[in-house]
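See below for the structure under consideration.
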2 protein chains.
Amino acid sequence: MTDRPSLRGRPAATTHAEIEQAAFRLFAEYGFEATTLDMIAVELGISRRTVARYYPSKNDIAWGRFDETLVSFKEMLDAMPQDLPLWQAVQRGVLAFNAVPAAEEPFLRRRMRLILGTPALQAHSTLRYVEWRTVVAEFVARRRGVPVGDLGVQTIANASLSIAMSAYEAWLDDPGTPLAELLDEAMARLRGYLAVTGDPD
Amino acid sequence: MTDRPSLRGRPAATTHAEIEQAAFRLFAEYGFEATTLDMIAVELGISRRTVARYYPSKNDIAWGRFDETLVSFKEMLDAMPQDLPLWQAVQRGVLAFNAVPAAEEPFLRRRMRLILGTPALQAHSTLRYVEWRTVVAEFVARRRGVPVGDLGVQTIANASLSIAMSAYEAWLDDPGTPLAELLDEAMARLRGYLAVTGDPD
DNA sequence: TTCCATTTTGGCACTCCGCGACATTATTGT
DNA sequence: ACAATAATGTCGCGGAGTGCCAAAATGGAA
């Protein structure tokens, strides 16, 4: 089931990709809640126990191999030039994080629509967001030479996720506009909100 | 179980407050996950079914009567003077939202510590945050005369929660500093982060 | 070829949450 | 005394998650 450097032992009956494919087909037809692990298992011709072994929980099927993409996100941030302004480094990281081959984009959209549209998955996603924010917080803290627990660092990490997710949801609704533009707009709006001017709004 | 304008019928065997009291006692002793509904029921001398009826889910016991405080949050925002800058209105709302009698503060702290320290509750909280953000988004949209779906509105609502939660967590760790100050600092740090200057950080 | 080591699968059983159904109990009003 | 009301308690089910262990399927060594 996991990476198998050794070639001995019984071969795996399925793969993460295969399970996700079957699962998403069923989710689309019956909805996430109404789809049981048994149904997925039957669809694949394997046992429920095996399906359950491939993911920590049913919720996690929706996110797929998120942990791997998170590692690359971290590496991308670390590779950013030091003279690049912090907010730009984060923004570029977000863009690279969400860049996928054009052929895979429809699947990504379907996946994210499912997650953002299903309460149980919305809730579960928080745990993923925590990891994401931790990566950003550690990056910001290192660049600034302050502890990760610092209020400023935590606020920036939190707000970065807010900006990214707001732009991302807008991108899901309107595929025409590139994500980069939406990120810029979201940041600009936030600047306007935070700016202390005579204008009440 | 709910408000009973009528005085007929069998009297309720317990109350939300009573359940939460027993539950938190058990959570403190055994942890949230290890505490079952049966244990809470036994503690109160009632049946599991009755405990379950008082809350949509076990997770919801931790949040208590959040929906009621959310209504007052909404009303507070609506009552803010029109000439008050938007960000100040939201900030005051947040402060009022979290203001409790000094005697209750320890219980609030315990409650929030439990929620923020338990993964399952952290995840479930997302659903509450959605409601919170919706209230802010509707307020901002109304003040600005734009649809709630607007990218700027959504970003501001998201970021407001980020600021509030960052400050709130800092407040939990350091009870000495008043929440108002932490909110100010969080906002100031975010302004600095978003500000476009020559300085890379 | 035969057996052994390895690795995954599959089956079983259990706990817990959540929920629907329905009888039971305890109260008020007539 | 009896009807009406409203919450409780009991029962049973479906589904997720998990530990345990035997069975199956492969590669490698004797």
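- L37(A) has its CG atom 10 Å from the P atom of dG15(D), to the nearest Å.
- Counting heavy atoms from C-beta outward, R189(B) and I163(B) have side chains that stay 4.5 Å or more apart.
- Atom CG in L44(A) sits about 16 Å away from atom C1' in dT8(C), given to the nearest Å.
- Distances shorter than 4.0 Å separate some side-chain N or O of Y54(A) from OP1 or OP2 on dT9(C).
- Separating the NE2 atom of H16(B) from the C1' atom of dA7(D) is a distance of 13 Å, rounded to the nearest angstrom.
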Exercise for the section: Treat primed atoms plus P, OP1 and OP2 as sugar-phosphate and everything else as base, then score nucleotides 21-29 of chain C 5' to 3': B for base contact with protein heavy atoms under 4.0 Å, S for sugar-phosphate contact only, - for none. Expected result: B---BBBBS
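- Judged by distance alone, the side chain of R111(B) and the main-chain N or O of A62(B) form a donor-acceptor pair under 3.5 Å.
- With rounding to whole Å, M39(A) atom CE is found 15 Å from dA16(D) atom C1'.
- The separation between N59(B) atom CG and dC16(C) atom C1' is 13 Å, rounded to whole Å.
- Among residues at least two apart or in separate chains, ring-ring contact (aromatic ring centres under 6.0 Å, His included) pairs with a member in residues 140-184 of chain A are Y168(A)-W171(A).
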Practice task
Before giving the answer on side chain to side chain donor-acceptor pair (under 3.5 Å), spell out for T14(A) and E18(A) the whole-Å C-alpha distance, their side-chain angles and the decisive distance to 0.1 Å.
Solution key: CA-CA 6 Å; T14(A) 184; E18(A) 214 175 75; 2.8 Å; yes
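- As a whole-Å value, the separation of Y55(A) OH from dT18(D) C1' is 19 Å.
- Remark: T36(A) is not in phosphate contact with dG15(D), judged by side-chain N or O atoms under 4.0 Å from OP1 or OP2.
- Atom pair K58(B):NZ and dA16(D):C1' shows a separation of 14 Å (rounding to whole Å applied).
- A residue-by-residue look at G45(B) and P56(A) shows that G45(B) has its nearest nucleotide of DNA chain D further toward the 5' end.
- Within the 3.5 Å criterion, the main-chain N or O of R128(A) finds no donor-acceptor partner in the side chain of S125(A).
- The side chain of S47(A) places no N or O atom within less than 4.0 Å of a non-bridging phosphate oxygen (OP1 or OP2) of dT9(C).
- Applying the 6.0 Å contact sphere to CD of Q21(A) captures no more than 12 heavy atoms from other residues, nucleotides or ligands.
- Using a 4.0 Å heavy-atom cutoff across all strands shown, A13(B) reaches sugar-phosphate atoms only and no base atom.
- Partners of F73(B) according to the ring-ring contact (aromatic ring centres under 6.0 Å, His included) rule, which considers only residues two or more places apart in sequence or in another chain, are F97(B), W132(B).
- At whole-Å resolution of the value, CG in D38(B) and C1' in dC14(C) are 14 Å apart.
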